[in-house]
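See structure below.
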Amino acid sequence: MFVILNNAEQKLATYIAKMRFITKREAGFPISKIGPQSFLDTDREGFAGEISYCKVMNLYPDLTIGTDIPEFDCILPSGEKIDVKTTKYRNGHLIATTNKIKHPPDIYVLVIGTFPEYSIIGEISASFLLRPENIKDFGMGDTYAVTQSELKPCHPLQ
């Protein structure tokens with residue numbers, strides 16, 4: 001599923017990313033960026049991916065700003081908690097840090113693209129992703145990772 005964020009969605013993604021970055025730094029939260037991109041780009045790409053998924057699924061993303069960082073990106077009507085992972089790499093893996101094992105969502109979703117165009121690639125349950133055999137090291141330490149071929153398609157809600 002391909003998504004292009006409209007002007008309002010682009011402004012929302014930029015604003016929420018900037019405010020989350022500022023409030024997290026002021027509160028002393030560690031920086032979790034991986035790669036050479038700017039901090040704002042990292043946060044904006046991540047939140048834009050969340051908006052893209054929510055747009056397709058007819059959901060609202062969590063718009064919380066402040067030190068109360070959302071644990072999950074959105075919640076399905078069934079109550080299932082979703083964590084959206086965004087990457088710019090066409091062949092990118094769906095990855096989750098190893099500390100996610102402590103309080104995982106129900107479902108992980110992979111979104112690929114760069115601002116403002118994204119593709120919703122697929123999903124996997126936390127119970128399948130967060131397994132010892134899925135721990136990989138891409139040069140930045142251990143992380144849970146699966147390939148795109150291991151994901152199931154996302155089905156938009158009616």
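Start at 1 with the first residue, then count along the sequence.
A pairwise comparison of heavy atoms in F47 and D62 identifies CE1-O, 3.6 Å as the closest pair. Nearest heavy atom pair, residue A96 against residue L129, reads CB-CD2, 3.9 Å. Minimum heavy-atom separation, G92 to Q148: O-NE2, 3.0 Å. When every heavy atom of I75 is checked against every heavy atom of L59, the shortest pair comes out as O-CD2, 3.8 Å. Of all non-hydrogen atoms in E123 and C154, the two that sit nearest each other are OE1-SG, 3.6 Å.
The distance from the CD1 atom of I120 to the NE2 atom of H155 is 13.5 Å, given to the nearest 0.5 Å. The CG atom of L63 lies 9.5 Å from the CD atom of E50; values are rounded to the nearest 0.5 Å. Taken from OG1 in T86 to CG in L94, the straight-line distance is 9.5 Å, to the nearest 0.5 Å. Taken from CG in N99 to OH in Y144, the straight-line distance is 9.5 Å, to the nearest 0.5 Å.
Contact check for L5 versus I51: side-chain heavy atoms found under the 4.5 Å cut-off. Counting heavy atoms from C-beta on, the side chains of E45 and Y118 come closer than 4.5 Å. Looking only at side-chain heavy atoms (C-beta outward), V3 and S119 stay at 4.5 Å or farther from each other. Counting heavy atoms from C-beta outward, P61 and V84 have side chains that stay 4.5 Å or more apart. Within the 4.5 Å cutoff, no side-chain heavy atoms of I82 are placed close to those of F72. At least one side-chain heavy atom of I65 sits under 4.5 Å from a side-chain heavy atom of Y15.
Between the K85 side chain and the G49 main chain, no donor and acceptor come within less than 3.5 Å of each other. Formation of a donor-acceptor pair under 3.5 Å by the T87 side chain with backbone atoms of I112 is not found in this model. Remark: the backbone N or O of R20 is paired with a side-chain donor or acceptor of T23 at under 3.5 angstrom.
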Inset, instruction - With side chain to side chain contact (heavy atoms under 4.5 Å, CB included) as the test, would you mind laying out the steps for Y53 and C74 before giving the verdict? - result: CA-CA 9 Å; Y53 173 76; C74 57; 3.7 Å; yes
Inset, instruction - Decide side chain to side chain contact (heavy atoms under 4.5 Å, CB included) for D137 and T143; before the verdict, give the C-alpha distance in whole Å, the side-chain angles of both, and the deciding distance to 0.1 Å. - result: CA-CA 6 Å; D137 185 347; T143 188; over 6 Å; no
Inset, instruction - Evaluate the criterion side chain to side chain contact (heavy atoms under 4.5 Å, CB included) for residue pair V109 and D83; output intermediate values, then yes/no. - result: CA-CA 6 Å; V109 172; D83 192 351; over 6 Å; no
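Paired with V146 under the rule side-chain contact (heavy atoms from CB on, under 4.5 Å), one option of N134, I95, L110 passes, and it is N134.
Both cation-pi conditions hold for R44 and F115: the charged atom is under 6.0 angstrom from the six-membered ring centre and inside a 45 degree cone around its axis.
Residues E71 and H103 have side chains that bring a donor and an acceptor to within less than 3.5 angstrom of each other.
Hydrophobic clustering (side-chain heavy atoms under 4.5 Å, transitive across Ile, Leu, Val, Met, Phe, Trp, Tyr) groups M1 together with I107. Hydrophobic clustering places L130 together with I124 (ILVMFWY residues linked when any side-chain heavy atoms are closer than 4.5 Å, directly or through intermediates). When the side chains of ILVMFWY residues are joined at heavy-atom separations under 4.5 Å, either directly or via intervening members, Y60 and M19 end up in two distinct hydrophobic clusters. When hydrophobic clusters are built by joining Ile, Leu, Val, Met, Phe, Trp and Tyr residues whose side-chain heavy atoms come closer than 4.5 Å, directly or via intermediates, Y108 is grouped together with F128.
Ionic pairing of D73 and K81 is not present here: no N-O contact between side-chain nitrogen and carboxylate oxygen is shorter than 4.0 angstrom.
Atom CZ of F138 has more than 12 neighbouring heavy atoms from other residues, nucleotides or ligands inside a 6.0 Å radius. The environment of NZ in K136 is crowded: more than 12 heavy-atom neighbours from other residues, nucleotides or ligands sit within 6.0 Å.
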